[in-house]
Amino acid sequence: MTKWVYSFDEVAEAEALAGDWDSVRGLLGGKGANLADMTRLGVPVPPGFTITTVACNAYTDAGGVVPEGMWDQVRIALDGVEEKTGKKFGDPKNPLLLSCRSGAKFSMPGMMDTVLDIGLNHDVAAELAVSSGDPHFAYDSYRRLIQMFGSVVLGNPDEPYEEILEEFRKKTGVATDAELPTDALKEIVERFLEITPRFPDDPNEQLKLAVEAVFKSWSGKRAVDYRNASNIPHDLGTAVNVQTMVFGNLGDDCLTGVAMSRHGATGENHIEGDYLFNAQGEDVVAGIRATLHLEDMANDMPHAYEELLAISDRLEKHYRDMQDMEFTVENGKLWLLQTRDGKRTAQAAVRIAVEMAEEGLISKEEAVMRVTPDQIDFFLHPQFTREDREAATAAGKLLAKGLNVSPGAAVGQVAFDADTAVTWAEAGKKVVLVRPETKPDDVHGMLAAQGIVTSRGGRTSHAALVARQFGKPAVVGIAELEIDLEGRNMAVEDTVVNEGDFISIEGTSGEVFVGELPTVVPDIKDRWLSTLLGWADEFRRLRVMANADYPVDANRAKEYGAQGIGLCRTEHMFFEAERLPTVQKMILADTAEERQKYLDILRPMQREDFRGLFEAMSGMPVIIRMIDPPLHEFLPGHDELEEELHDLEESPSATSGDEIKEVERKLGRVDDLHEENPMLGFRGVRLALLMPEIPRMQARAIIAAACDAKEAGFDPKPEIMIPLSIHVKELERVKAIVVDAAEEIMEQRGVRVDYQVGTMVETPRAAMTAGPLAREAEFFSFGTNDLTQTTFAISRDDAEKSFLIRYVEEGILPVNPFQTLDRLGVGGLIKIAVEGGRKQRPGMEIGICGEHGGDPDSVALCHELGLDYVSCSPFRVPIARLAAAHAAINDAG
Ligand code: PEP
Ligand code: MG
């Protein structure tokens, strides 16, 4: 007989059946497994039991039929709970009240259903009012049950219940539901029952329907949306935890709260949280009443506070991770209702991982593995500068301040509901979602928004949790913010912001500004991040270099930990406004002599830049690629020249005859050089071969700059790279030019520098003939942008906008191959080229320098393929360092 139900004290049985702890979590859900585990640890947990995920899946598979024997097992488990508590479910004299909560393997906060206070009906409530000595509590619990049961189990809308509550709050002149007098609550119960005719009186029936509602909520829309966004498989099912209710609303020696063992936003190592006196857990999370800071509990209820600290510490040591706990104090006695690994910001993830390793709780290796490469991205997220914030504040643009729950800056147009946020985001607008509070139904809007603002809610509110998880800047709990959903505006005192107006939010400070503030990318000087990346460096095998064209980029790359330059695109040095006309004249020159004239102007400029690169990267390789200009990016357009010609002809002057001739000549050259497919045309090594003055000039500039740097006491390591080659003969010729020029300069200068000449592998032919290429090439670098383009035979400029994104959306391709290396096709060619190259030239250095060099999955593939390095944009260097460490650690074991 399948065991569908496990009491919290049957964790050993669950382990025996499931095997490892991960499988126990799969069977009992994360919450159920931890409740059982806490019970075993002796932490005070209200007695209860878990109905397994297997039962949920059986229920779903059978089209909504509870598996045979499940209710019998529930009854047996319930008997056990009754025995432990000394109370009886449904017995008015001494009633046991139960909660019924979902709990999947992976936490999905607020996405599924919960019903509290199960077991109340007229008789039980009346007796409880007497036996507890607190009729207010009895009827407050009863009205909560009917309301929750109505909306969660029976699917009634929330509004009619809220309207009734509102009516009674007004009538009795109170601000919150907790203050409603008992008589009012009794009347409310009757009114609630009128609008909830299907509410079952029988506690057993209540329990059964609640359990089924939780099963069904696994397949509800918001749960499915959340799983899609978080990559949680849809076939796991949820467990259901049925647990004895303990009450934080039984009077002034009762409270309920949530706590994180470390700070979820900053990672600081001290417990943080919120609590409310005389309340139930949902009140804290919903953020309807202003919560108190956990530190205050040290004064308000010192005994329970000390016990909570000790338990928090113990649980953290047990789970070896930051814990997110729910607790209740009932008549002075502390109960833990839940613990799980806490959600945290990227910043907190890094700090917690590093500090836990420093405390000896986890290894350095584990710390490195606990941070994902994507989380590193946060440190490179836009922020507002302090000056801009201060200036905006001085200019009266600071609208309000709330809780700083998820860091980073966001700027966007205000949208007051999730659907609007999604529609606008799809239309290309940047949106900030503003709500009184968020609910799980708003998740799609939160994901579409740049940032999130709520007027209610605390640090652990739904909005805060979800924002943190998805790295969205968020400010919550802005009490003075009045949101008028009907009027589509919000206001703080006299300042009104309409839907569609821009606001700027700073999730690190909690500030909200009207208008648009400029954003900047922060320096990554964070001590914990540097430590973590330092550890990552100890584990990784791949070197990480940067693609940088100017000395300033090279310096930034070095700060981010780059170990050299893997690609300097020299043609980018020609993009500068004062250089471009000279470059155009050089390319359009009719004769080699004339071309030389312009190259002579360009050479000192290049030399200065190269020297800067060598100085920034002293002692490290600097791979400089010979010019590789897709000509359409450099030359004036045909129409532009036509227009110039027309203007000259319209207003003739003394000199215009010569000018007209020159423009006509240029037009002729531009037309000669015109190509239908410039990306597959006269670029790369082809240009160097037909205009050998260019590689000669560049080689001279590189070697002269290296001599300069060496004379100035630096250690330059130039590597000259020939792009887009398809045949070894190309390399023979260009290499000869480079070597000649280099020898000549070194002779003249009387200085020697070591240099290498290698090639990019960017075409399938180059990959397939890597052996012969390696006779000439001393190193290879895979230009995976072009190699992807040429392997797939799709245009890197056009494919994404025409069909490629659709291909990915429809699952024809698993990923965009320009973003993540195509393992089988492009990866296969790389494999062949690596083997061919190293066979010809053992130990030759091989890396990649396409955009893939900063993509974590591609970095893992490069590790696997035995490359020596990846090279990526300076901003991605830290991400690549961590990704390379992950690859090496995964590889080792
Ligand atoms: C490449 O093709 O991957 C490459 C690095 O060169 P570029 O992007 O400049 O063509
Ligand atoms: Mg290329």
Side-chain angles (χ1 to χ4, degrees), residues 544-550 553 557 562 564-575 583 621-634 675 677-688 694 698 719-726 730-731 734 758-767 770 773 777 779-800 816-822 825-827 829-830 833-834 845-855 858-859 861-862 865 867-877 880:
V544 176
M545 311 229 273
N547 295 354
D549 307 321
Y550 294 98
D553 300 327
I565 291 179
L567 174 65
C568 163
R569 291 177 163 104
T570 52
E571 67 280 2
H572 284 190
M573 297 170 157
F574 294 145
F575 275 141
V583 175
V622 174
I623 303 181
I624 299 172
R625 176 175 78 181
M626 299 254 126
I627 190 170
D628 177 13
L631 286 183
H632 62 303
E633 288 176 15
F634 282 86
E675 294 174 315
N677 282 317
M679 277 307 248
L680 294 177
F682 188 36
R683 54 180 282 227
V685 64
R686 302 156 201 173
L687 193 74
I694 302 180
Q698 290 201 300
E719 299 190 14
I720 299 173
M721 180 155 80
I722 299 166
L724 217 71
S725 48
I726 46 182
E730 294 169 321
L731 297 186
V734 179
T759 189
M760 295 187 77
V761 177
E762 303 185 271
T763 64
R765 190 178 195 288
L773 289 188
F779 63 87
F780 283 163
S781 175
F782 292 98
T784 46
N785 304 331
D786 277 316
L787 189 57
T788 300
Q789 157 168 273
T790 53
T791 301
F792 280 76
I794 59 179
S795 159
R796 61 191 266 190
D797 291 335
D798 302 320
E800 278 154 307
N816 176 349
F818 288 112
Q819 189 184 333
T820 298
L821 267 181
D822 158 51
V826 179
L829 282 169
I830 293 178
V834 169
E845 188 171 84
I846 305 182
I848 78 161
C849 63
E851 294 315 301
H852 304 90
D855 169 69
S858 308
V859 171
L861 183 59
C862 292
L865 291 169
L867 302 196
D868 295 302
Y869 69 86
V870 295
S871 186
C872 55
S873 84
F875 285 113
R876 308 235 12 123
V877 164

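We count ligands from 1, going down the list as the structure has it; atoms in each ligand are counted the same way. All figures in this text were calculated on a predicted structure; none of them were measured in a lab.
- Looking at T788 and H852, their side chains come closer than 4.5 Å, going by heavy atoms from C-beta outward.
- Using a distance-only test at 3.5 Å, with no hydrogens or angles considered, a donor-acceptor pair links the side chain of R686 to the main chain of G681.
- No donor-acceptor pair closer than 3.5 Å links the side chain of S858 to the backbone N or O of G853.
- Sorted by chain and number, the residues within 4.0 Å of ligand 1 by heavy atom are L567, R569, R625, R683, M760, E762, G783, T784, N785, D786, R796, C849, G850.
- Of the possible polar contacts, none joining the N785 side chain to the G850 backbone as a donor-acceptor pair under 3.5 Å is found.
- Checking side-chain atoms of N677 against main-chain N and O of M679 turns up no donor-acceptor pair under 3.5 Å.
- Under the 3.5 Å distance criterion, the side-chain polar atoms of T790 are matched with a main-chain donor or acceptor of E762.
- The OG atom of S795 sits 7.5 Å away from the CG atom of L680 when rounded to the nearest 0.5 Å.
- No donor-acceptor pair closer than 3.5 Å links the side chain of Q819 to the backbone N or O of D855.
- A salt bridge links R796 with D786; the closest basic N to acidic carboxylate O contact falls under 4.0 Å.
- The tally of protein N/O/S atoms under 2.8 Å from the Mg ion (ligand 2) stands at 2.
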